[in-house]
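Each remark here refers to the structure printed beneath this line.
All heavy atoms count here, side chains included; hydrogens, waters and symmetry mates do not. Given the structure is predicted, the values throughout are model-derived calculations rather than measurements.
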Amino acid sequence: MVMRIMFMSLFVACAWAQLKIDIHPVTGRASDRLKETERILRIAQRSPQRDANAPEELAMVEAIVKNYRLYFLPEIDSVPGIATLTEKGNDILVAQWTATGTDAFSKLIVWDTPESTSFIFKLPRHSRSDNSAIQATFEKLILPRANGAALDVARDPQTQQRIGAGVLLISLPPRQFDTGYANWVDLWETADASYLCAKFSWDAVHNPPGMRFIPERFPPLESRVRQWSKERLLDQLARGDRAQARDRILGRELVTRDLNDDELLALLVSRRPSENGAVLQAVVDGGQLRRFSNAIRSYLRGAQGESFGKHPNRPPFLIVLQAHDANFTDAALEVLSRGAGSDGAFLYVAEHGATPADYRALADLRRLNDVFMFARDASLLQMRKRLGLDENGNPVPPK
């Protein structure tokens with residue numbers, strides 16, 4: 001057993017030694033980002049703490065602990081004190097741990113917003129006194145699988161204290177869109193302590209369902225919208241800040257209300273061209289296509305023919321593709337007849353076109369580029385097999 005402990009200690013020591021910290025001396029001053037970090041630290045320190053008790057609070061604390069263990073070495077076993085507050089409409093959770101069994105830090109404060117999570121460590125004084133002290137700090141805090149860190153370190157000309165900024169070198173799965181760095185690191189000193197803040201963007205951490213990109217979290221938006229009027233739901237969905245996760249919740253609630261075709265159509269049109277599909281998806285998920293078929297048909301006829309392969313949001317015809325309580329083949333053919341080639345419209349006609357007349361209308365399309373000519377021909381082939389037609393759109397006699 002003693003030999004095993006010695007071996008494990010040697011293994012951990014070797015792993016720590018592999019942590020590479022690239023430190024670059026620079027001339028600078030406290031950045032705006034560092035000033036913001038100092039601001040949230042002051043607010044967090046003043047916030048009265050209490051126990052987490054609501055389900056959404058407990059879920060958020062559990063996720064924070066999971067995220068902490070992805071990147072940091074010392075264990076946090078104690079139950080944190082928390083506070084919830086709202087800044088600029090965003091609900092924020094503050095959690096605080098007092099360190100036990102480690103000299104790596106004395107306190108950990110976590111500031112969690114709908115878009116990011118910041119871990120702020122209170123460290124012993126002079127943890128920034130020189131590069132070797134910074135190296136030692138990271139070796140105590142950061143898991144070796146983080147691959148180290150890259151830092152710019154300067155002496156603030158106003159305070160003469162050492163400050164730093166950089167990133168942890170972490171590996172993430174490939175992302176569809178480049179959202180920049182997944183984390184940021186800030187280092188600074190005060191008269192009685194040193195601090196390190198590691199801030200992670202939403203895609204580098206675990207997120208409880210419904211807790212990202214939704215400002216209303218404590219209590220969650222799902223419980224709030226039940227008290228909202230239909231007019232407030234319509235107004236919120238017509239706004240320009242269209243986080244899809246939030247719009248899904250609002251859309252699901254809206255279609256349960258006394259909504260008419262004119263109101264739904266006006267809302268959908270007002271959200272074009274940056275419609276994220278949340279409202280239309282809510283109609284589909286709620287089994288409401290037949291109820292709102294006139295509004296949906298009018299909306300689909302105005303589709304611009306975007307290609308879902310190049311667009312971050314799903315085209316409307318793809319959203320209604322799997323629903324069978326209403327048929328919008330006529331709208332899809334109208335869009336395609338304008339030369340507004342759309343992957344979604346082709347797929348819709350291929351799966352929902354029900355008559356030889358639908359087939360011939362698709363076959364007669366001519367104002368298409370090579371890519372959409374291929375999509376048209378593939379759709380015609382699918383319709384022939386599904387409807388039992390020959391190449392001219394006539395029913396094939398049974399053998």
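Taking the side chain to side chain donor-acceptor pair (under 3.5 Å) definition, one finds that Gln382 meets it with nothing, sequence neighbours left out. When the side chain to side chain donor-acceptor pair (under 3.5 Å) test is applied to Asn369, no partner is found at least two apart in sequence or on another chain. Residues meeting the side chain to side chain donor-acceptor pair (under 3.5 Å) test with Arg39, sequence neighbours left out: Glu36, Glu87. For the side chain to side chain donor-acceptor pair (under 3.5 Å) test, residues two or more places apart in sequence or in another chain that qualify with Asn131 are Arg162.
A salt bridge links Asp103 and Lys140; the closest N-O separation between the charged side-chain nitrogens and carboxylate oxygens is under 4.0 Å. Salt bridge Glu38/Arg42: absent, no basic N to carboxylate O contact under 4.0 Å.
Within 6.0 Å of the CD atom in Glu231, the count of heavy atoms belonging to other residues, nucleotides or ligands exceeds 12. Applying the 6.0 Å contact sphere to CZ of Arg290 captures no more than 12 heavy atoms from other residues, nucleotides or ligands. In this structure, Glu391 places its CD atom where only 12 or fewer heavy-atom neighbours from other residues, nucleotides or ligands lie under 6.0 Å away.
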**Request:** Evaluate the salt bridge (Lys or Arg N to Asp or Glu O under 4.0 Å) criterion for residues Lys230 and Glu263: first the C-alpha distance (whole Å), next the side-chain angles of each, then the deciding distance (0.1 Å), finally the verdict.
**Result:** CA-CA 10 Å; Lys230 179 182 70 173; Glu263 290 170 326; 3.0 Å; yes
**Test log, rule salt bridge (Lys or Arg N to Asp or Glu O under 4.0 Å), inputs Glu57 and Arg50** = CA-CA 11 Å; Glu57 295 170 352; Arg50 59 176 176 81; 2.7 Å; yes
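Outside the 6.0 Å centre-distance limit, the rings of Tyr195 and Phe121 are not counted as a close aromatic pair.
Sorted by first and then second residue, the salt bridge (Lys or Arg N to Asp or Glu O under 4.0 Å) pairs involving residues 206-218 (not counting sequence neighbours) are Asp112-Arg212, Asp112-Arg217, Glu216-Arg246. Screening residues 352-361 for side chain to side chain donor-acceptor pair (under 3.5 Å), with sequence neighbours left out, gives Thr355-Asp358, Tyr359-Arg384.
Each of Leu151 and Val26 belongs to its own hydrophobic cluster when Ile, Leu, Val, Met, Phe, Trp and Tyr are linked at side-chain heavy-atom distances under 4.5 angstrom. Cluster membership check: Leu381 does not share its hydrophobic cluster with Leu347, using side-chain heavy-atom separations under 4.5 Å among Ile, Leu, Val, Met, Phe, Trp and Tyr.
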